Amino acid sequence: MPSSRADAAFITTPIYYVNDRPHIGHAYTTIISDVWARASRLQGRSTFFLTGTDEHGAKVEKSATARGITPQALADENAAEFQRVLGTFGITCDDFIRTTQPRHIRQVQAFLKALAARGAVTLGTFQGWYDEGQEEYYTETRAKDLGYKSPISGRDLVRASEDNYYFRLSQFQKPLEAFFAANPGFVQPQGRFNEVLGRLRDGLQDVPITRTNFAWGIPFPGDGRHVVYVWIDALLNYVTAMGVGAELANSLGIAESTAPEGSTAGGTGHESDDATLAALAAARSTYWPAQYHVIGKEILWFHAVIWPAMLMALELPLPRRIHAHSFWIADGQKMSKSMGNFIDLPTIDRYIGTYGLDAWRWYMATQGPLQAADADFRAAHFHEMYTAELVNLVGNCASRVGAMVGKYCGGTMPMDSRVGRSVDAGAGAAGVAGMPAPRDAIQCWVVRCGAAVATWREAMEDFDLVLAARAALDLLRDVDAYINRTEPFKLAKDPSNAENMSKVHSILAQCTQTVRVAGVLLLPFLPEKMDQLAQAFGGVPAGCAACGSVSIARVTEAGCSAGDFAALARYGEIPVGAAIAKTALFPRIERKES
RNA sequence: GCCGAUGUAGCUCAGCUGGUUAGAGCGAGGGAUUCAUAAGCCCUAGGUCGGCGGUUCGAAUCCGCCCAUCGGCACCA
């Protein structure tokens, strides 16, 4: 069993079903996870961000058959599409796992074998409503909704049964209750956790984990007539990607040859032998358990109950937290294929084309359904948020500070002449040395920045991206307010007035330093633009020397990791004399009425 | 049907264990300015805090009922 590292963090998205086309839901989950991963790296933590594709199951098999290609060919095609699409969102995943890769298949079989060996699996009979045309089972409630008729063919559903292997979930009722009681923050938001607890009180039943009515899946070890049911296969990706089951697979002698027919395992990894698997484990297994499983609310039960129970059965550590977000709706309407109102890829591309990638990430991360309520996606709202927060606040604040340093300080970082006495923005309501008082008495910028950083860190820890972003924006609001109050542009009217010019330099020094700190906090959200800002504001204060950027580097790329966060986010790191340039970050966009 | 949640200014929402004139952001209207991306700043919006009843010296904040909206209810990624 791996032992986790305190200085490491592992964050995952669900793996996406290759039978789907990428849409806003995939974009959302992946982007918010990416923001968190970047923030984690920024803080100097060794961070692993995993996403991927789920490629087995009856639906994939059926779609492939309909197109006259193999399931693997379909999976290859769509997995490539997912990778391409996610790439366009600036995602910094450290790996992209595919469930048809041998490394995954071998470990899944090893885990199932271990589950069976530990008495967590039994053979039973599954009964359900079967659609003979679709070769699919429906749940009791779904069948009832359909009037016990096939939604496709209209024929009556039949009561069918098949022998399946079951995971003895019912055995984990007590252990799960104890775990939840001891970990009240396990599932967030809280409302979702309550839902899980409520359902748990109704009691747990064993769940089937194999199927025999289709072939496109991982053969169940010991009984080749069965394939592993897709969601068991899928859940295990979180540990197989990290090589957690490598030792088990090797010791059980499970070889790649047991992979299903037609599985050629394209894509990134092609680990197939014991040594490769062992290497995978050596490099990654200490990342487990995951710090965050980021998921949509529709798959909460699997992640909050079945997955922990499986891990308990395998005697593996449980993930620390599960964040289940809600759904985007479009203009007040649920998105659905029949409504034709899905925010699809072409729509997303249009937004990114018009507003830029960072703006898209910003809207996703700050206006999305992060908590229990669904969020409405509206074009007008997108435009308003872009203009109000990115153009008018972030962009404009950086612009006016950069412009004044250019005009009044020769484009170099000015000296704060009060350093040594007080780097504040007015110690108390009276202000300092004739300088107008700030709007609050707590405006010592060192303290102010430190508080913002602390708020940001705590918010990130809780996956409260909105609060984290606001901590940075508030810093910029304070800078704006400070400029308005101290009016350096008036003090600078007479350049020969040395005393006033000294004040101007002090004021602008404070503003410049603070804007830079805010920029660091915004980096995970706005990687391109905040990198641009960092370059304009003194170059590279404490970021990655190797790549010459403060952008958060990927930990997996040798020699390129985030710098010392304490220094990076500290007020005052821009050295006096450093070049400061005015920079235009977010262009104003005229919204054409549609 | 069962379980749970929500209902606060035009919009999105804060308001912990009840207590001075109910808040923020955005939008809208007005004002003073000009360093800045016609941005920033200041003032304003008089909203029965879903409805009714109760507890209390006192409730948006506790209890009950009602209305409305929403979520979960297991094999769906």
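These figures come from a predicted structure and were not determined experimentally. We name chains A, B, ... by the order of the sequence lines, and we start the count at 1 in each one.
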query: Pairing of RNA chain B as dot-bracket, 5' to 3': ( ) intra-strand, [ ] crossing, | other strand, . unpaired, with Watson-Crick or G-U pairs under 3.5 Å?
result: (((((((..((((.....[...)))).((((.........)))).....(((((..]....))))))))))))....
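- Listed nucleotides: B/C26, B/G72, B/G40. Nearest to the side chain of A/K297: B/G72.
- The phosphate of B/C41 (OP1 or OP2) has no side-chain N or O of A/Y482 nearer than 4.0 angstrom.
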field: Criterion side chain to side chain contact (heavy atoms under 4.5 Å, CB included) on A/L197 and A/F180, from CA distance to verdict
entry: CA-CA 8 Å; A/L197 295 177; A/F180 291 157; 3.7 Å; yes
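- Within the structure, a side-chain polar atom (N or O) of A/K493 is placed less than 4.0 Å from OP1 or OP2 of B/C35.
- The pair A/D478-A/R448 counts as a salt bridge, with a side-chain nitrogen and a carboxylate oxygen less than 4.0 angstrom apart.
- Using a 4.0 Å cut-off between charged side-chain N and carboxylate O, A/K503 and A/D416 make no salt bridge.
- Spacing of C1' atoms, B/U8 relative to B/G23, comes out at 10 Å, to the nearest Å.
- When distances are taken from the side chain of A/A388 to each of B/A36, B/C26, B/A74, the shortest belongs to B/C26.
- The residue A/R378 sits close only to the backbone: its heavy atoms come under 4.0 Å of sugar-phosphate atoms, none of a base.
- At a non-hydrogen distance threshold of 4.0 Å, A/A403, A/M404, A/K407, A/Y408 from residues 401-414 of chain A come into contact with RNA chain B.
- A/K582 has no side-chain polar atom (N or O) that falls below the 4.0 Å cut-off from OP1 or OP2 of B/C35.
- Taking only side-chain atoms of A/I483, from C-beta outward, the nucleotide of B/C35, B/C76, B/G40 with the closest atom is B/C35.
- Considering only side-chain atoms of A/W301, the nucleotide from B/A77, B/C41, B/A74 that sits closest is B/A74.
- In this structure, of B/A77, B/G27, B/A39, it is B/A77 that holds the atom nearest to the side chain of A/Y17.
- Geometrically, A/R211 engages A/Y229 in a cation-pi contact defined by less than 6.0 Å to the ring centre and at most 45° from the axis.
- No contact: A/N194 has no heavy atom under 4.0 Å from any strand.
- Using a 4.0 Å heavy-atom criterion, one finds that A/R192 contacts the sugar-phosphate atoms exclusively.
- Residue contacts for A/L585: at a heavy-atom cut-off of 4.0 Å it reaches a base atom on one of the strands shown.
- For A/R199, counting side-chain heavy atoms from C-beta on, the closest listed nucleotide (B/A74, B/A36, B/A77) is B/A74.
- With sequence neighbours excluded, the residues satisfying ring-ring contact (aromatic ring centres under 6.0 Å, His included) with A/Y165 are A/F220, A/H226.
- At the heavy-atom level, A/I209 lies nowhere under 4.0 Å from the strands shown.
- Across all strands, A/G52 comes closer than 4.0 Å to no nucleic acid atom at all (heavy-atom distances).
- Under the 4.5 Å side-chain criterion, counting only non-hydrogen atoms from C-beta, A/T514 is not in contact with A/Y482.
- No side-chain N or O of A/H26 forms a donor-acceptor pair with one of A/Y17 less than 3.5 Å apart.
- A/T29 and A/Y16 make their closest contact through CB-OH, 3.6 Å (heavy atoms, listed as atom of the first residue, atom of the second, distance).
- Nearest nucleotide to the A/D20 side chain, out of B/C26, B/A77, B/A74: B/A77.
- Contact annotation for A/H303: base contact, defined as any heavy-atom pair under 4.0 Å involving a base atom.
- Using a 4.0 Å heavy-atom cutoff across all strands shown, A/F302 reaches at least one base atom of the nucleic acid.
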- prompt: Passes side chain to side chain contact (heavy atoms under 4.5 Å, CB included), A/I31 versus A/W360? Steps please.
  reply: CA-CA 10 Å; A/I31 287 171; A/W360 174 259; 3.5 Å; yes
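- Checked against B/C76, B/A77, B/A39, the side chain of A/W231 finds its nearest nucleotide in B/A77.
- Separation of the P atoms belonging to B/A22 and B/A45 is 12 Å when rounded to the nearest angstrom.
- A distance below 6.0 Å separates the ring centres of A/Y238 and A/H303.
- Among the nucleotides B/C26, B/C76, B/U34, the one closest to any side-chain atom of A/K59 is B/C76.
- Of all nucleotides listed (B/G71, B/C35, B/A77), B/A77 comes nearest to the side chain of A/V230.
- Checking the phosphate oxygens (OP1, OP2) of B/G40, no side-chain nitrogen or oxygen of A/N396 falls inside 4.0 Å.
- Here A/E389 lies out of heavy-atom contact (under 4.0 Å) with every strand.
- Atom CG in A/L112 sits 9.5 Å away from atom OG1 in A/T210 (nearest 0.5 Å).
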